[in-house]
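Remarks on the structure that follows.
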Amino acid sequence: MELFAPIADAILKAFPSLEPADLVFSPAPKPGMGDMALRAFLPAKRLGIAPPDMAKRIADETSFGPEVKSTALAGPYVNFHIDRAFFGRRLADHVFDMGAYFGSGATGAGKTALVEHTSINPNASPHVGRARNAMIGDSIVRLLRFEGYDVSVHYYVNDMGRQIGLLVLAIEEKVGVLAEGAEPDIRFEEVLDAYVQANQRAEDDESFAAKGYSLLARMEEGDPETRAKFHAVTNLCLNGQILVLARLGINYDVFDRESNFVRDPRLDAIVAALQARNAVFTDEEGRLVVDLSALGHTQEEGRYFVLMRANGSSMYGYRDLAYTIHKMEQCADLNLIILGEDHKLYAQQQSMILEAAGHQYPEAVYYAYIVLKDGKMSTRQGKVVLLSDFLDEAARRSAEKVEEQCRDLSPEERRSIAIKVAVAAVRFAILRVNPNKNVVFDWESSLSFSGDTGPYVQYSCARIASILRKYGMDVPPVSGSFTMETDAEWLLCLKLSEFPTVVQTALSQRSCAPIAQYVLDAARAFTTFYHECPVLDAATPALRDSRAQLCAATRQTLRNALGLLGIEIVDRM
RNA sequence: GCGCCCGUAGCUCAGUGGAUAGAGCGCUUGCCUCCGGAGCAAGAAGUCGCGCGUUCGAAUCGCGCCGGGCGCGCCA
């Protein structure tokens, strides 16, 4: 919010050639130096004078209102001593007015967005590496919705391919022939083992691998019996995956099946467009190959992109072209896809091919992998930490804590709290790091409940709830006066006022990591306030009311910010 | 080899041109008759990978190295 708009307006009145964006306010390095500072660099550039001179002119030539008590020059900075209570009142009013929307810039109002994320192969229980995609995607979805976008969340179900063919064979050997409409007699949790075994066997046994290919070929021809087998297996896996992801609060609107895009008529137009550019050829072994150098690709690496095998079956990347066109047709405003960094070249190739045919590729958001201490995870090799195991352990640990802290609550209430705390620990641990950094997975640090963690922030909220319970009303009355005595109160105010800016930063970076960082800063600012400023035992009733309002404003801000991360606040924990 | 990403305290990470580079974990020392100790206060710990440049000013921008991750024609 423009907390300092009254000050900015006064300066703009004195210097009409300045733009509002030139006036950047920030906290002073130390409260003793001032309540907040204005940097003179941008205004100085605008007026073509030296920053220290600009600072002096602003201080001298602006007629400030009574909310400015004094100014002090410090080189290129103007430090302000202001009426803190005036701005505290302004901040609290604004937060209460906006409520659940405090922080939103409403930049998506009237717009639609389509986000594809997760899109795990339906072959086994998801591991925590895959979950990074889902959590990043889900948080971006929450951010876009907060900004007012009408968002549709898509999950691409890769229900084709050799891997699935092999899995079908392996499961049939285990439980008998898969028939149309019948549920396979195998639990979701057992599929990972079957998948690992199937891949191992395909490596060792050529005839088994060949059977996988021929099953895939029948699938692609549209053979109804084969389709039923594939669907039986992929549905089992997809349903299992959705349940695990739902535990993290991650949900989807649309499931798009790859098998629906096999013989898509739109693909013919693409090949025609490539032919017109002389960018596609059939190689000596009969494969249909795109030569991207004809489309402006300059490197030798990634120059060739195979669309179809010699036996006439299509590659994943071919079917994906049709799917992308399908998505783009549905949403013009903002079309995002969350991809692992290993897909960068692939996405570039897809983009070039589509552009050659007059289409566009979505805006890609990349993330680096979560790796184990001894290398990357691999579902195919069974070298994974399963998301469900990870969540179970997080829930077990938080339940232990809640048991000892909340004995007066019912078992159901305690369970609900324990789950929220576990989700907070897991989501926060993943989301707080910059997505393009590798994360080395470590059970202890990602399940920690103390320090820079989601539960630490929830704990601040629980303390606020506790104070407000004793204070006696949910939201303190908005009264005309506001009282503020300490630096801690003021610094908390400043921190809360930064939230809308942080949301815009996250939006432009397409990352919720700044939100996570912000939430920690805000919780720390609150904790300092909490220790230095008694609320219920405040010296005067006016101070007590003001501090209670600050508590409520903090809780609203934390609730909104944590919501973007998919973390719920709790009143008890 | 080529392309993209990363390199900041012992460890995990913030800090996308501005005041003395900040947190957490771990370590040392204190703090629960005091609104919740999942917490707080204090201390020790840094050639911001290395070098050269741009700038009044660089952890931040450019170039070159070094180290790590990912990718580079019939996997998805």
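Order of the sequence lines sets the chain letters (A, B, ...), proteins ahead of strands, with each chain counted from 1.
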Under 4.0 Å between a side-chain N/O of [X] and OP1 or OP2 of [N], yes or no?
| X | N | answer |
| --- | --- | --- |
| A/Lys401 | B/rA38 | yes |
| A/Thr527 | B/rG39 | no |
| A/Arg463 | B/rA38 | no |
| A/Tyr369 | B/rG71 | no |
| A/Lys437 | B/rG15 | no |
| A/Tyr346 | B/rC4 | no |

Tell me the interatomic distance from [X], atom [atom1], to [N], atom [atom2], rounded to whole angstroms.
| X | N | atom1 | atom2 | value |
| --- | --- | --- | --- | --- |
| A/Tyr304 | B/rG71 | OH | P | 22 Å |
| A/Phe41 | B/rA58 | CZ | P | 12 Å |
| A/Glu404 | B/rA38 | CD | P | 8 Å |
| A/Met308 | B/rA76 | CE | C1' | 17 Å |
| A/Gln458 | B/rG39 | CD | C1' | 15 Å |
| A/Tyr518 | B/rG15 | OH | C1' | 17 Å |
| A/Ile370 | B/rC6 | CD1 | P | 17 Å |
| A/Asp452 | B/rC11 | CG | P | 17 Å |

Would A/Arg397 pass as a cation-pi partner of A/Phe449, given that its NZ or CZ must be under 6.0 Å from the six-membered ring centre and within 45 degrees of the axis? no
Choosing from [options], which nucleotide comes nearest the side chain of [X]?
| X | options | value |
| --- | --- | --- |
| A/Ala462 | B/rA76, B/rG36, B/rC74 | B/rG36 |
| A/Asp342 | B/rC75, B/rG71, B/rU20 | B/rG71 |
| A/Asn436 | B/rC35, B/rC40, B/rC6 | B/rC6 |
| A/Lys470 | B/rU20, B/rG39, B/rG36 | B/rG36 |

Please determine, for [N], whether a Watson-Crick or G-U wobble partner exists with both distances under 3.5 Å, and give it or none.
| N | result |
| --- | --- |
| B/rG46 | none |
| B/rU60 | none |
| B/rA19 | none |
| B/rG39 | B/rC31 |
| B/rC72 | B/rG1 |
| B/rC11 | B/rG24 |

Considering every strand and a 4.0 Å limit on heavy-atom distances, what is the contact class for [X]: base, sugar-phosphate, or nothing?
| X | result |
| --- | --- |
| A/Asp521 | nothing |
| A/Ala37 | base |
| A/Leu536 | base |
| A/Asn199 | nothing |
| A/Tyr459 | base |
| A/Cys461 | nothing |
| A/Glu341 | base |
| A/Arg524 | sugar-phosphate |
| A/Ala368 | nothing |
| A/Asn79 | base |
| A/Val535 | base |
| A/Tyr530 | base |
| A/Tyr318 | nothing |
| A/Ser466 | base |

Can you see whether A/Gln241 engages A/Ser125 through a side-chain donor-acceptor pair at a distance of less than 3.5 angstrom? no
Do the side chain of [X] and the base of [N] come within less than 3.5 angstrom through a donor-acceptor pair of N or O atoms?
| X | N | answer |
| --- | --- | --- |
| A/Glu285 | B/rC74 | yes |
| A/Gln405 | B/rG36 | yes |
| A/Glu301 | B/rG71 | yes |

Classify the ring geometry of [X] against [Y]: parallel below 30°, tilted from 30° to 60°, perpendicular beyond 60°.
| X | Y | result |
| --- | --- | --- |
| A/Phe529 | A/Phe526 | tilted |
| A/Phe390 | A/Phe441 | perpendicular |
| A/Tyr304 | A/Phe281 | perpendicular |

Answer yes or no: is there a side-chain heavy-atom contact under 4.5 Å between A/Gln348 and A/Leu292? no
Is any side-chain heavy atom of A/Lys383 closer than 4.5 Å to one of A/Leu372?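 SC-SC contact between A/Leu372 and A/Lys383 confirmed.
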Quick check, are the ring centers of A/His326 and A/Phe261 under 6.0 angstrom apart? yes
Pairwise P distance for B/rC65 and B/rC4, with rounding to whole Å: 13 Å
